[in-house]
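The next block holds one structure in the form of structure tokens; read it before the comments.
All values derive from a computational prediction rather than experimental measurement. Within every chain, numbering begins at 1; the chains are lettered A, B, ... in the order of the sequence lines, protein sequences first and strands thereafter.
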There are 2 protein chains.
Amino acid sequence: MDRFVSNVVLRLDAKGRVSIPAQFRSVLNRDGFDGLYCYPALDRPAIDAGGNALMAEIEHLTTRYAPFSDEREQLAIALYGTSETLKIDGEGRVMLSETLKSHAGITDRVAFVGLGHKFQIWEPDRFRAELAEATDKVRALKQRLGSQTARDAPGARE
Amino acid sequence: MDRFVSNVVLRLDAKGRVSIPAQFRSVLNRDGFDGLYCYPALDRPAIDAGGNALMAEIEHLTTRYAPFSDEREQLAIALYGTSETLKIDGEGRVMLSETLKSHAGITDRVAFVGLGHKFQIWEPDRFRAELAEATDKVRALKQRLGSQTARDAPGARE
DNA sequence: TGGGTATTTATGGGCGTCAATGGAACGAGT
DNA sequence: ACTCGTTCCATTGACGCCCATAAATACCCA
């Protein structure tokens, strides 16, 4: 398996360390990246995290613009400037920075949420709320899809 | 890791010295450059800094124009002419010149900001403002990218 | 299939090392 | 000798690395 899936909630210890779920660790190993690349999610109280795949995505975003261009510098500031590469200790744990924790409202427990090529780290209660909301939206979407004819369905080809 | 990421704010001591974050130092070492190449950012109150990779980028930028062309001469003046190579002392500290400090409005604290292949040095308060602005722009950019598929995925985010 | 054993995880804690910072010693030039 | 700058040493707090334990899981073999 090379994708991050499912979700787990784990506790931070007295030193602020938290284990990365073993399943996620094995994906990271396969990805070949020593450490955990992460940054505050742009529009949610969560932390985006991953390995080379995620970093490549960021790189791709910024290098689309010319060096020294305004767009490129601002992208770099917002993306690289807020990113961190956390060290993973011998037991597979990381220490979240204050910045990351406060962005996500994390205190003593976190939820790891697989999102395919990356995963997110949430404060568990907030994640439950977000999940409920997302579930509602998906349900509504499904209803609407169901009421349409195949010809009108999004993604249908002529 | 061979990129500058994350941001840290550090203090200048009584002599005007400031430590380069250890993480950035290790990138510079890998890059194989003894010292810190830097110059005032062209259109921001910040200092651009880096090693060989940054110098190569500038070289590449100027050599795209014909020798003796106005563009090339002006680029050379603006970039090379204002550049400095700061010495790094045994403890990994540098002394910013008055020119650099005044360009960035630096007094006693600075923010080191990773931008991938280079990093910038800011006055912390100004950086916070710039980051907020950059984040807004990126968020807007993301919205635009996301809206391309909005028709196919109502209510979908990210 | 079941029972028992061996791994692996998640977590806790101790300790040495290093980073950031402050200050002293030293050297050169005026 | 005094000033300015550079190199060297000292402090302290954080962090990396190591080992320990308990629970859960995987494994094995009758």
Side-chain angles (χ1 to χ4, degrees), chain A residues 1 4-30 33-38 47 49 83-102 106-114 119 121-124 127, chain B residues 1 4-31 34-36 38 47 49 51 84-101 106-114 119 121-124 127:
Chain A
M1 177 60 63
F4 300 102
V5 295
S6 97
N7 72 87
V8 198
V9 7
L10 295 176
R11 294 185 330 198
L12 278 70
D13 67 18
K15 292 182 174 181
R17 298 173 298 187
V18 61
S19 294
I20 298 174
Q23 190 188 132
F24 287 12
R25 277 201 313 258
S26 82
V27 178
L28 287 172
N29 285 342
R30 213 167 311 253
F33 185 72
D34 182 36
L36 183 65
Y37 184 79
C38 51
I47 302 168
S83 297
E84 311 189 20
T85 53
L86 306 181
K87 289 193 189 68
I88 300 180
D89 73 12
E91 283 72 40
R93 291 174 289 194
V94 292
M95 288 197 54
L96 303 175
S97 69
E98 267 317 308
T99 310
L100 292 175
K101 283 196 284 190
S102 75
I106 290 167
T107 58
D108 64 335
R109 292 154 53 85
V110 296
F112 289 88
V113 184
F119 63 90
I121 303 174
W122 287 75
E123 193 286 318
F127 173 63
Chain B
M1 174 60 57
F4 299 101
V5 295
S6 98
N7 71 86
V8 199
V9 5
L10 295 177
R11 295 186 327 208
L12 278 70
D13 66 17
K15 296 182 179 179
R17 299 174 297 186
V18 62
S19 294
I20 298 174
Q23 189 191 147
F24 287 12
R25 274 196 323 252
S26 83
V27 178
L28 288 172
N29 286 340
R30 213 169 311 254
D31 182 67
D34 181 36
L36 183 65
C38 53
I47 303 167
E84 308 182 25
T85 307
L86 304 182
K87 286 187 228 88
I88 300 180
D89 74 13
E91 282 72 41
R93 291 175 287 196
V94 292
M95 289 197 57
L96 302 175
S97 69
E98 267 316 311
T99 311
L100 292 175
K101 283 197 282 189
I106 290 167
T107 58
D108 65 334
R109 291 155 55 85
V110 296
F112 289 87
V113 184
F119 64 91
I121 303 174
W122 287 75
E123 191 286 317
F127 171 63

Expressed in angstrom and rounded to an integer, what is the separation of [X] atom [atom1] from [N] atom [atom2]?
{"X": "A/Glu91", "N": "C/dG14", "atom1": "CD", "atom2": "P", "result": "15 Å"}
{"X": "A/Leu86", "N": "D/dC15", "atom1": "CG", "atom2": "C1'", "result": "13 Å"}
{"X": "A/Arg11", "N": "D/dA23", "atom1": "CZ", "atom2": "P", "result": "12 Å"}
{"X": "B/Lys87", "N": "D/dT7", "atom1": "NZ", "atom2": "P", "result": "7 Å"}
{"X": "A/Lys15", "N": "D/dC19", "atom1": "NZ", "atom2": "C1'", "result": "12 Å"}
{"X": "B/Asp13", "N": "C/dA24", "atom1": "CG", "atom2": "P", "result": "13 Å"}
{"X": "B/Arg17", "N": "D/dC8", "atom1": "CZ", "atom2": "P", "result": "13 Å"}
{"X": "B/Leu10", "N": "C/dT21", "atom1": "CG", "atom2": "C1'", "result": "10 Å"}

Scan [X] against the nucleic acid and name what it touches under 4.0 Å (heavy atoms): base, sugar-phosphate only, or nothing.
{"X": "A/Asp89", "result": "nothing"}
{"X": "A/Ile88", "result": "nothing"}
{"X": "A/Arg93", "result": "base"}

Hey, could you give me the [atom1]/[atom2] distance between [X] and [Y], rounded to the nearest 0.5 Å?
{"X": "B/Leu12", "Y": "B/Arg93", "atom1": "CG", "atom2": "CZ", "answer": "11.0 Å"}
{"X": "A/Ile106", "Y": "A/Ile121", "atom1": "CD1", "atom2": "CD1", "answer": "6.5 Å"}
{"X": "B/Leu86", "Y": "B/Ile20", "atom1": "CG", "atom2": "CD1", "answer": "8.0 Å"}
{"X": "B/Gln23", "Y": "A/Thr85", "atom1": "CD", "atom2": "OG1", "answer": "4.5 Å"}

Classify the ring geometry between A/Phe24 and A/Phe112 as parallel (under 30°), tilted (30 to 60°) or perpendicular (over 60°).
perpendicular
Kindly check if the number of other-residue, nucleotide or ligand heavy atoms within 6.0 Å of CZ (B/Arg25) is above 12?
yes
Give a yes or no on whether A/Asp34 atom CG has more than 12 heavy-atom contacts from other residues, nucleotides or ligands under 6.0 Å away.
no
Under 3.5 Å between N/O atoms: give me all the protein pairs with nucleotides 5-8 of chain C, atom names plus distance.
none

Taking only the side-chain nitrogens and oxygens of A/Arg25, find out if one of them lies under 4.0 Å from OP1 or OP2 of C/dA10.
yes
